[in-house]
Amino acid sequence: MGQDRGSVMSSIETVSDRKSDQALRPETLEEYIGQSHLKKILTMSISAARERKDPLDHVLLYGPPGLGKTTIARVIAHEMGARIHMTSGPSLERPRDIVGLVHQLEQGDVLFIDEIHRLNKIAEELLYPAIEDFMIDLTSGKGHATRTMRLPLPRFTLVGATTKAGSISKALRDRFGFSCRLDFYDLAELSDIVARSARLLELEISGEAVEAIARRARGTPRIANRLVRLVRDYSQYKKETSITGAVAREALDSYQVDESGLDGTDRKLLEILIDNYDGGPVGIDTLAATIGEDSETLEDVYEPFLIQRGFIKRTQRGRMATPLAYKHLGRTAPASQLFLNLSEED
C-alpha cells in the first residue's frame with residue numbers, strides 16, 4: 001500500500017520527483033512561493049549576514065514532508081553565494097561519517113541534514129562542538145593511550161530538516177539560531193506554483209485547469225508538481241494541444257484524486273475508521289495494523305493532511321472520524337458519534 005501511495009499522492013519524495021523537480025525548484029527567495037513568515041525572517045537574516053560577511057545562523061526547518069525544506073536549504077546557499085553539502089540523519093551512523101563530512105566544509109558553506117531527528121546519540125554529540133564552537137573532537141589510541149585533539153573548523157551554516165520536531169533533543173534544538181515551521185499551502189499559493197511549473201514545462205494551460213490541479217494538491221508543492229506532470233502526460237496521451245479545466249479534471253479523476261485531494265487510500269482509511277471502528281476513537285497502532293501500515297507511516301504520511309482538513313480528529317483515546325469525513329463519503333454520522341466528537345478533547 002505504501003508503494004502505491006508513493007506513486008501519486010504521497011508527500012514523500014520519489015526518484016521521479018527528484019529527477020523532474022530539479023528544473024522546477026526556485027533558486028532565490030524572490031522566486032520561492034509561500035511560507036511568507038519564513039521568507040521574511042530569512043530575507044532579513046541573510047541580508048544582515050552578507051553585510052557582516054558572516055555565515056547565516058544555523059536554521060531548523062520542520063513540518064510535514066513535501067513543503068519545501070530541501071528547497072529552502074538550496075535557496076539559502078544560493079542567496080549566501082555558498083556551496084551546499086547534503087546528507088541525512090540515518091546516513092551518519094559512525095563518528096568518522098561526521099568527521100569526514102565536516103572536514104569537507106569551507107568558510108560559509110551550508111550543511112543540510114535531512115531527517116535530523118534520526119541522528120544517533122554519538123553522531124549528535126560529536127556535532128555539538130562543530131555547530132556551537134566550530135571545532136571537532138578527534139580521538140586516537142585506546143585505553144590509557146587515548147588522546148583527544150580539538151581541531152578548528154571553518155564557520156558554516158547548518159540547516160536541519162525534520163518532520164518530527166518533538167523527536168529532536170533539547171540540546172540539539174537549542175543550538176539552532178532560529179527554527180521555523182513550514183505550513184500547508186493555501187489555494188492561491190498552490191495555484192501560483194502550478195502556473196509557474198506549467199510555464200517552465202512549456203504547457204498551454206487555462207486558469208481553470210491551474211485551479212483544478214491546485215485544489216487537489218493536498219496543500220503540498222511536491223504533490224502539485226507531480227499532478228502537473230500527470231496531467232501533462234494525460235493530455236499528451238489524449239492528443240490535447242492545451243490543458244483545459246475539463247481535461248485537468250478528467251486526468252485527476254483517472255488517478256482517483258477527488259476534489260478534496262483525497263485518493264483511494266485516504267478514502268479507504270476513512271472507510272475502515274467508520275465501518276470497522278464505528279468512527280472511533282481507535283488507537284493508532286490498531287488502525288495502522290488494520291490498514292496494513294506501520295504507525296509511524298500513518299502519522300507522518302496519512303494523518304497530517306486529513307487532520308488539517310478536518311477529516312480525522314486526534315484525541316487522547318485515539319483517532320476519530322469527524323462529521324466531515326462521513327459527509328465526504330456520502331454517509332450520515334450517527335448521533336452518538338456527533339456527541340463523541342463534541343465531547344472528546346484533543
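All values below were derived from every heavy atom in this structure, side-chain atoms included, with hydrogens, water molecules and symmetry-related copies excluded.
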Test of understanding: clusters of I, L, V, M, F, W, Y form through side-chain heavy atoms closer than 4.5 Å, transitively. Do [X] and [Y] belong to the same one?
| X | Y | value |
| --- | --- | --- |
| M86 | L182 | yes |
| L203 | Y234 | yes |
| I113 | I122 | no |
| M135 | I131 | no |
| Y62 | L56 | no |

Roughly how far, to the nearest 0.5 Å, is the [atom2] atom of [Y] from the [atom1] atom of [X]?
| X | Y | atom1 | atom2 | answer |
| --- | --- | --- | --- | --- |
| E27 | H78 | CD | NE2 | 4.5 Å |
| Y326 | L270 | OH | CG | 10.5 Å |
| R196 | I33 | CZ | CD1 | 6.0 Å |
| I213 | I243 | CD1 | CD1 | 6.0 Å |
| I76 | I72 | CD1 | CD1 | 6.5 Å |
| C180 | L38 | SG | CG | 4.5 Å |

State, with a plain yes or no, whether a side-chain heavy atom of [X] is found less than 4.5 Å away from one of [Y].
| X | Y | answer |
| --- | --- | --- |
| T220 | F305 | no |
| L273 | F311 | no |
| R218 | D266 | yes |
| L92 | L101 | yes |
| F134 | P129 | no |
| Q35 | R181 | no |
| R319 | T315 | no |
| I205 | R199 | no |

Q) Would K164 and E299 satisfy salt bridge (Lys or Arg N to Asp or Glu O under 4.0 Å), going step by step from the backbone distance to the final call? A) CA-CA 10 Å; K164 292 187 171 183; E299 288 183 296; 5.1 Å; no

Above 12 or not: heavy atoms from other molecules or residues under 6.0 Å from [atom1] of [X]?
| X | atom1 | answer |
| --- | --- | --- |
| E296 | CD | no |
| E204 | CD | no |
| Q256 | CD | no |
| R96 | CZ | no |

Using only atom types and a distance under 3.5 Å, with no angle test, would you say the side chain of [X] pairs donor to acceptor with the backbone of [Y]?
| X | Y | answer |
| --- | --- | --- |
| Q107 | P154 | no |
| N120 | E93 | yes |
| S197 | V194 | no |

Using a strict cut-off of less than 4.0 Å between a Lys/Arg side-chain nitrogen and an Asp/Glu carboxylate oxygen, indicate whether [X] and [Y] qualify as a salt bridge.
| X | Y | value |
| --- | --- | --- |
| E259 | R249 | no |
| R216 | D253 | yes |
| E250 | K238 | no |
| K268 | D275 | no |

query = Any chance the side chains of D183 and H37 put a donor and an acceptor closer than 3.5 Å?
reply =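 No.
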
Between T286 and Y277, does any side-chain donor sit less than 3.5 Å from a side-chain acceptor?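 Distance-only check fails for T286 and Y277.
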
After noting the C-alpha distance and the side-chain angles of V110 and L158, does the key distance pass the side-chain contact (heavy atoms from CB on, under 4.5 Å) rule?
CA-CA 6 Å; V110 172; L158 172 65; over 6 Å; no

Please report the C-alpha distance between D258 and H328 in whole Å, then the side-chain angles of each, then the deciding distance to 0.1 Å, and finally whether the side-chain contact (heavy atoms from CB on, under 4.5 Å) criterion is met.
CA-CA 10 Å; D258 67 27; H328 190 77; 2.8 Å; yes

Counting the benzene-type ring for Trp, do F112 and H85 have ring centres under 6.0 Å apart?
no

For residues F178 and H58, establish whether the separation of their ring centroids is below 6.0 Å.
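Judged by ring-centre distance (under 6.0 Å), F178 and H58 do not meet the cut-off.
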
Taking every non-hydrogen atom, the tightest pair across [X] and [Y]:
| X | Y | result |
| --- | --- | --- |
| K69 | T163 | NZ-CG2, 4.4 Å |
| L127 | L119 | CD1-CD1, 3.7 Å |
| A217 | L227 | CA-CD1, 4.0 Å |
| L67 | Y185 | O-OH, 3.3 Å |
| T157 | P55 | OG1-CB, 3.6 Å |
| P95 | L126 | O-CD2, 3.5 Å |

query = Given the rule in the side chain to side chain donor-acceptor pair (under 3.5 Å) test, do E124 and S169 qualify, once you have shown the distances and angles that lead to the verdict?
reply = CA-CA 9 Å; E124 183 177 316; S169 69; 2.4 Å; yes

Only one of L324, T322, I307 passes side chain to side chain contact (heavy atoms under 4.5 Å, CB included) with K313, and that residue is T322

Using the side-chain contact (heavy atoms from CB on, under 4.5 Å) rule, take N276 and L287 through it: C-alpha gap first, then chi angles, then the decisive distance, then the call. CA-CA 9 Å; N276 292 34; L287 188 58; over 6 Å; no

Below 3.5 Å, can you tabulate the donor-acceptor pairs from side chains in residues 42-51 to any protein atom, sequence neighbours excluded?
| residue | atom | partner | partner atom | Å |
| --- | --- | --- | --- | --- |
| T43 | OG1 | K39 | O | 2.7 |
| S45 | OG | I41 | O | 3.0 |
| R50 | NH1 | E79 | O | 2.8 |

- Under the side-chain contact (heavy atoms from CB on, under 4.5 Å) rule, what do F176 and L61 come out as? Steps first, then yes or no, please. CA-CA 10 Å; F176 286 93; L61 305 172; over 6 Å; no

Check whether Y128 forms a cation-pi arrangement with R175 (NZ or CZ under 6.0 Å from the six-membered ring centre, at most 45° off the ring normal). yes

Self-check item: Passing option when R25 is tested against N225, T71, T70 for side-chain hydrogen bond (donor to acceptor under 3.5 Å, both in side chains)
Solution: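 It is T71; the other options fail the test.
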
Under the side chain to side chain donor-acceptor pair (under 3.5 Å) rule, what do H117 and T162 come out as? Steps first, then yes or no, please.
CA-CA 6 Å; H117 64 278; T162 178; 2.7 Å; yes

